[in-house]
Participant: 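Below is the structure I would like to discuss, written out as structure tokens.
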Amino acid sequence: MVSRTQLAKLGLFDAKVPRYTSYPTAPHFGGGVDSGVFSDWVGAVPAGAQISLYIHVPFCRRLCWFCACRTQGTQSDAPVAAYLEVLKAELAMLRDRLAPGVTIRRLHWGGGTPTLLTPEMMTALAEATAEVAPFSDPYEFSVEIDPNEIDGPRLDALAAAGMNRASIGVQDFDSEIQNTIGRIQEFDVTRDAVEMIRARGVESLNADILYGLPHQTRERITETVQKLLSLSPDRVALYGYAHVPWMAKRQQMIPSDALPTPEERLALFDVARRLFVWDGYDEIGIDHFARPEDGLGVAARTGHLRRNFQGYTDDTAEALIGVGASSISRFPQGYAQNAPATSAHTAAIREGRFSTARGHILSHEDRWRGRVIEALMCDFRVEADEIARDFGVPHERLMEMFRAADRDFDGLLEVTETGLSVPGPARPLTRMIARAFDAYELDKAGHSPAI
């Protein structure tokens with residue numbers, strides 16, 4: 001067992017480490033990828049390919065204080081209706097650039113709060129998406145649903161459009177915590193939303209909860225998890241709350257002195273983790289849990305688990321195309337991000353061009369380092385032969401890197417001639433271990449990325 005003293009010594013409680021939903025991570029994106037490059041990458045998607053599509057709706061009826069996402073509050077439907085017209089124009093541009101026969105394997109509506117759209121808006125957006133490309137067979141259409149911002153007619157519209165997976169945000173069911181983070185969402189409201197979702201034949205359900213919230217204790221997170229388990233979600237994301245009030249100004253409403261210490265955060269995570277495992281969920285990577293029969297559980301067992309901007313996924317499509325302000329796309333050639341501000345995104349689309357503002361063209365080194373990091377994050381092991389075979393990296397160079405990482409982490413890792421693995425007791429350090437293979441983070445910190 002790794003002691004808390006050793007974890008502290010290795011920086012677990014004070015290091016700022018990326019979540020590695022991409023490599024390089026978004027803060028390292030820069031120039032060199034513009035609307036022309038993005039358009040070329042879309043046009044290079046092969047005829048008949050299956051793609052994933054993410055549509056971003058950056059509006060909320062209320063702005064939760066804990067949230068650091070790019071969203072804007074609105075009590076009127078007018079800006080949402082105007083934004084919908086922009087999305088429809090952007091989707092039409094995308095349709096015109098894609099090769100024949102492309103189908104949509106995965107579709108996700110995120111935000112913000114996509115369920116603040118009226119039923120008519122939802123239907124119009126679904127129809128515009130269908131004109132880009134039809135669904136594959138099988139397909140997955142998931143929507144982020146705010147239980148406070150959903151009703152029967154909107155769920156009817158989503159079900160008619162083909163939604164077959166719903167994702168609900170919970171955060172925490174404790175009333176004091178909800179008041180402190182500006183997110184009032186009673187358990188009964190959440191339960192009723194889940195029942196309405198399932199009544200429409202949508203059986204696949206995701207849920208997000210947070211640990212590390214103000215006033216959160218072991219007893220309170222236990223109660224929240226037990227209430228969530230009563231709803232029987234298929235998969236759960238257990239994210240750590242990131243308190244960054246210098247970046248997300250609304251977080252200044254949250255009292256810093258009410259936050260748990262880093263050591264207490266780890267204990268909160270472990271309490272929740274044990275409850276999910278005891279209830280029969282498989283542990284997926286560092287912060288997800290899934291029923292064994294869920295696609296995420298199957299992917300973890302069969303070696304097909306991946307990372308994308310929503311976290312862990314079983315989606316293996318080569319291209320994930322982001323639509324809407326701030327959306328990020330991933331292609332075999334690299335990453336492209338749309339203009340973050342709704343105004344700049346709108347202006348670009350109205351001028352007849354994609355709003356790509358920045359991105360990153362992947363180098364050969366990016367590809368193999370990205371695969372090493374993804375393997376660590378998903379499987380807690382890296383097979384040297386796989387990296388050598390797929391990317392032509394000399395086996396001995398990889399072994400030198402693995403041995404160096406093991407030294408950096410006090411011999412807690414397992415290094416054999418076949419590769420590197422992270423034993424169970426060291427898994428809280430996984431993101432930090434992954435950073436040891438991140439040339440951009442090492443360079444930023446003043447260390448040599450040459451190994």
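Just so it is clear, the model here is predicted, and its values are computed rather than measured.
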Participant: Between E144 and T115, is there a side-chain heavy-atom distance shorter than 4.5 Å?
Facilitator: no
Participant: Could you give the distance from CD (E383) to CZ (R371), rounded to the nearest 0.5 Å?
Facilitator: 10.0 Å
Participant: Set out, in order, the CA-CA distance, both residues' side-chain angles and the distance that settles side-chain contact (heavy atoms from CB on, under 4.5 Å) for Y239 and H288, then state yes or no.
Facilitator: CA-CA 8 Å; Y239 294 129; H288 279 52; 3.4 Å; yes
Participant: Once the angle between the rings of Y241 and H243 is folded into 0 to 90°, is it parallel (under 30°), tilted (30 to 60°) or perpendicular (over 60°)?
Facilitator: tilted
Participant: Could you state the interatomic distance from CG (L12) to CZ (R265), rounded to the nearest 0.5 Å?
Facilitator: 9.5 Å
Participant: For the rings on W41 and F331, is their centre-to-centre separation under 6.0 Å?
Facilitator: yes
Participant: Evaluate D438 against R431 for salt bridge (charged side-chain N to carboxylate O under 4.0 Å, His left out), listing each step before the verdict.
Facilitator: CA-CA 10 Å; D438 182 340; R431 287 163 61 193; over 6 Å; no
Participant: Which is it for R381 and E414 under the side-chain contact (heavy atoms from CB on, under 4.5 Å) test, yes or no, and what are the steps along the way?
Facilitator: CA-CA 9 Å; R381 67 179 184 275; E414 293 180 356; over 6 Å; no
Participant: Measure from NZ or CZ of R165 to the centre of the six-membered ring of F141 and say whether it is under 6.0 Å with the direction within 45° of the ring axis.
Facilitator: no
Participant: Is the centre of the Y281 ring less than 6.0 Å from the centre of the F276 ring?
Facilitator: yes
Participant: Count the heavy atoms belonging to other residues, nucleotides or ligands that lie under 6.0 Å from CZ of R350, then report whether that count exceeds 12.
Facilitator: no
Participant: Are the ring centres of F59 and Y83 closer than 6.0 Å?
Facilitator: yes
Participant: Around atom CD of E318, are there more than 12 heavy atoms of other residues, nucleotides or ligands at under 6.0 Å?
Facilitator: no
Participant: Would you check if T113 and L116 make a side-chain contact, meaning some heavy-atom pair closer than 4.5 Å?
Facilitator: yes
Participant: Compute the ring centroids of H360 and Y23, then answer whether they are less than 6.0 Å apart.
Facilitator: no
Participant: Side-chain donor-acceptor pair under 3.5 Å between Y440 and D366, yes or no?
Facilitator: yes
Participant: Please lay out, stage by stage, how V393 and R369 fare under the test side-chain contact (heavy atoms from CB on, under 4.5 Å).
Facilitator: CA-CA 10 Å; V393 182; R369 284 185 180 270; over 6 Å; no
Participant: Can a side-chain donor-acceptor contact be found between R358 and Q337 if the only test is distance below 3.5 angstrom?
Facilitator: yes
Participant: Roughly how far, to the nearest 0.5 Å, is CG of D315 from OH of Y54?
Facilitator: 14.0 Å
Participant: Does Q178 reach the main-chain N or O of D172 with its side chain, forming a donor-acceptor pair under 3.5 Å?
Facilitator: yes
Participant: Side chains of H56 and S327 only: does a donor on one sit below 3.5 Å from an acceptor on the other?
Facilitator: no
Participant: Can you find a heavy atom in the side chain of I168 that is under 4.5 Å from one in the side chain of D208?
Facilitator: no
Participant: Starting from the C-alpha separation in whole Å, work towards a yes-or-no answer on salt bridge (charged side-chain N to carboxylate O under 4.0 Å, His left out) for D390 and R367.
Facilitator: CA-CA 10 Å; D390 293 348; R367 297 176 197 280; over 6 Å; no
Participant: Could you tell me if S39 and R97 have a donor-acceptor pair between their side chains, going purely by distance under 3.5 Å?
Facilitator: yes
Participant: So do P233 and L228 actually touch side chain to side chain, heavy atoms under 4.5 Å?
Facilitator: yes
Participant: For residues S22 and R330, determine if any side-chain heavy atom of one lies less than 4.5 Å from a side-chain heavy atom of the other.
Facilitator: no
Participant: E283 and salt bridge (charged side-chain N to carboxylate O under 4.0 Å, His left out): which partner among R301, R235, R273, R427?
Facilitator: R273
Participant: Can you check whether I254 reaches P245 side chain to side chain, under 4.5 Å on heavy atoms?
Facilitator: no
